[in-house]
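Here is the structure we will look at, set down as structure tokens.
When reading the values below, keep in mind they use all heavy atoms of this one structure, side chains included, and skip hydrogens, waters and symmetry mates.
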Amino acid sequence: MEAKQLGGTFVTAYYTRFDSDRSQLAELYAEDSLMSFEGDEKAGRQAIAAKLIGLPFQVVQHSITTYDVQMCQGGLLIFVLGQLKTDNDPVVGFIQTFHVRQSPEGSLFIANDIFRLVLHHNA
């Protein structure tokens with residue numbers, strides 16, 4: 001499977017889980033995974049899962065605008081651009097970057113995850 005196709009499969013699976021049951025995301029991370037969510041850094045599967053599960057909304061829906069995928073260091077670098085809607089809040093843009101690697105057992109896991117909302121603050 002080529003990088004773009006594998007990356008697309010990952011993106012679909014990740015956001016489907018995120019939108020339906022965030023607790024299912026924990027298995028996509030490893031004990032040495034790192035995540036930065038709006039500048040809040042977490043390390044390890046349990047801390048990352050707690051952050052994602054504890055986000056202050058009940059309903060979320062992601063809409064992916066586009067994504068780019070490159071092969072890197074035994075894995076994939078995936079950049080995602082999209083929009084999301086939570087509860088009754090307005091739609092906002094987001095960007096997310098994943099470094100997805102293969103475990104010794106052959107399964108894919110998220111080694112690094114960086115997420116930011118696309119918000120513009122005027123001075």
Practice problem: Provide the full list of side-chain hydrogen bond (donor to acceptor under 3.5 Å, both in side chains) pairs with a residue in residues 84-95, sequence neighbours left out, each pair given once. | Solution: T86-D89
What is the distance from atom [atom1] of [X] to atom [atom2] of [Y], rounded to the nearest 0.5 Å?
| X | Y | atom1 | atom2 | result |
| --- | --- | --- | --- | --- |
| L84 | Q61 | CG | CD | 10.0 Å |
| L76 | L108 | CG | CG | 7.0 Å |
| I78 | I110 | CD1 | CD1 | 8.5 Å |
| N112 | M35 | CG | CE | 11.5 Å |
| S23 | I53 | OG | CD1 | 5.5 Å |

Practice problem: Might you work through the side chain to side chain contact (heavy atoms under 4.5 Å, CB included) test for V80 and I64, ending with a clear yes or no? | Solution: CA-CA 7 Å; V80 180; I64 306 307; 3.7 Å; yes
same_hphob_cluster([X], [Y]) at 4.5 Å side-chain heavy-atom cutoff:
| X | Y | answer |
| --- | --- | --- |
| V11 | L25 | yes |
| L119 | V60 | yes |
| L6 | L28 | yes |

Quiz item: Of the non-hydrogen atoms in A3 and M71, which two are nearest, and what is the gap between them?
Solution: CB-SD, 3.6 Å
Quiz item: For the residue pair V69 and G7, what are the closest heavy atoms and their distance?
Solution: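 Closest approach of V69 to G7, heavy atoms only: CG2-CA, 3.8 Å.
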Self-check item: Heavy-atom check, side chain of D113 versus side chain of Y14, under 4.5 Å
Solution: yes
Practice problem: Could you list the residues that satisfy side chain to side chain contact (heavy atoms under 4.5 Å, CB included) with A26, not counting sequence neighbours? | Solution: R45, A49
Practice problem: Sequence neighbours left out, what passes side chain to side chain contact (heavy atoms under 4.5 Å, CB included) with A30? Give chain and number order. | Solution: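 Here the qualifying residues are D32, S33, F109.
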Exercise. Check side chain to side chain donor-acceptor pair (under 3.5 Å) between S103 and all other residues, then give those that pass, not counting sequence neighbours.
Key: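 S103 satisfies side chain to side chain donor-acceptor pair (under 3.5 Å) with E105, S107 only.
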Exercise. Quick one: list whatever passes side chain to side chain donor-acceptor pair (under 3.5 Å) with R17, sequence neighbours left out.
Key: E27
Practice problem: Could you tell me which residues satisfy salt bridge (Lys or Arg N to Asp or Glu O under 4.0 Å) with K4, sequence neighbours excluded, listed by chain and number? | Solution: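 Salt bridge (Lys or Arg N to Asp or Glu O under 4.0 Å) list for K4, sorted by chain: empty.
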Quiz item: Short question: side chain of Q83, backbone of T65 - any donor-acceptor pair under 3.5 Å?
Solution: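 Absent.
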Practice problem: Mind jotting down which residue pairs meet the ring-ring contact (aromatic ring centres under 6.0 Å, His included) criterion with at least one end in residues 27-77? Sequence neighbours excluded, please. | Solution: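 Checked against ring-ring contact (aromatic ring centres under 6.0 Å, His included) - neighbours excluded - the pairs reaching residues 27-77 are Y15-H62, F18-H62, F37-F115, H62-F94.
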Quiz item: Counting heavy atoms not belonging to Q46, are there more than 12 under 6.0 Å from its CD?
Solution: no
Quiz item: Is the count of non-hydrogen atoms from other residues, nucleotides or ligands lying under 6.0 Å from Q58 atom CD greater than 12?
Solution: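 It does not: Q58 CD has 12 such atoms or fewer within range.
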Quiz item: Are L117 and E38 close enough, and set up right, to give a side chain to side chain contact (heavy atoms under 4.5 Å, CB included), and what steps lead you there?
Solution: CA-CA 7 Å; L117 293 173; E38 287 290 298; 3.6 Å; yes
Exercise. Keeping to residues at least two apart or across chains, list the salt bridge (charged side-chain N to carboxylate O under 4.0 Å, His left out) pairs with something in residues 46-59.
Key: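 Checked against salt bridge (charged side-chain N to carboxylate O under 4.0 Å, His left out) - neighbours excluded - the pairs reaching residues 46-59 are D40-K51.
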Practice problem: Considering only Ile, Leu, Val, Met, Phe, Trp and Tyr, and joining two whenever side-chain heavy atoms are under 4.5 Å apart, list the other residues clustered with I95. | Solution: F79, L81, V118
